[in-house]
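Here is the structure we will look at.
Given the structure is predicted, the values throughout are model-derived calculations rather than measurements.
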Amino acid sequence: AMTATIIVIAKSPVPGRVKTRLCPPCTHREAADIAAASLADTLAAVARTPATARVLALEGAPGPWVPDGFVIVPQSGRGLDERLANAFAAVTGAVVLIGMDTPQVSSDLLVAATEMVRDPDVDAVLGRAPDGGWWGIGLRQPDPRVFRGVPMSTEHTGADQLARLHALGYRTRLLDELQDVDTFADALDVARLVPESGFARAVHRLD
């Protein structure tokens, strides 16, 4: 059966380079441990999801935490908009991309996204986040125009991204909203949603 490529765009969990908004209360090492757990849970959910291919668009060096079956593609481009455009340009066909900030993402949510993006009446899917951003996006065909010049990491990135999809004439469906982990309060909220997860264990070691 046809499915979609799933891309995870992520940073290597290096202290001082990831999740710095967790500091304080976290040290850089603790923030990196939370980031590593978030990334591990995200990659595990993708590994459990039927996909044409699984791609990790990575900033930094890969480590033993990359599961089998992932193709690693280094991120390229200046801003996040260019990095997203280039990650999509590396694949063909239907594709769903997620970040590493939603460790509560499930295989069921990813299956729903890959099925939705292959619906003949749908060109794009977008998963918004309550902080104003987005956690996931899917396109029936890669198109760099979707990302270039969209302001990223603002409180209206989700709205701007949706407006760009509409401006391109893309029939867009919304995925379930998921909370991003940016602050330690976010980390506690998300850990409560998935209490048995590696992410929750990492957060509760620190709390």
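- At least one side-chain heavy atom of Val46 sits under 4.5 Å from a side-chain heavy atom of Ile98.
- In this structure, the side chains of Phe184 and Glu30 stay at 4.5 Å or more apart for every pair of heavy atoms.
- Not one N or O on the side chain of Thr102 forms a donor-acceptor pair closer than 3.5 Å with the backbone of Val105.
- Here the straight-line distance linking atom OG1 of Thr172 with atom CG of Leu126 works out to 7.5 Å at 0.5 Å rounding.
- Checked for salt-bridge contact, Asp121 and Arg173 miss the test: no charged N lies under 4.0 Å from a carboxylate O.
- Looking only at distances, a side-chain donor or acceptor of Arg171 sits under 3.5 Å from a matching main-chain atom of Pro120.
- Formation of a donor-acceptor pair under 3.5 Å by the Thr27 side chain with backbone atoms of Cys23 is not found in this model.
- Sorted by first and then second residue, the salt bridge (charged side-chain N to carboxylate O under 4.0 Å, His left out) pairs with a member in residues 105-116 form an empty list; sequence neighbours excluded.
- Thr20 is listed as a side-chain neighbour of His28, based on a closest heavy-atom distance under 4.5 Å.
- Checked by atom type, the side-chain pair Gln179/Asp186 shows a donor-acceptor distance below 3.5 Å.
- More than 12 heavy atoms of other residues, nucleotides or ligands lie within 6.0 Å of CZ in Arg54, so this atom counts as buried by the packing criterion.
- Not a single donor-acceptor pair under 3.5 Å links the side chain of Asp160 to the backbone N or O of Val150.
- By the 4.5 Å heavy-atom criterion applied to side chains, Val122 and Tyr170 are not counted as neighbours.
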Using atom types as modelled, flag every donor-acceptor pair under 3.5 Å from a side chain in residues 56-67 to any protein atom, sequence neighbours excluded.
{"from": "Glu59", "atom 1": "OE1", "to": "Arg83", "atom 2": "NH1", "distance (Å)": "3.2"}

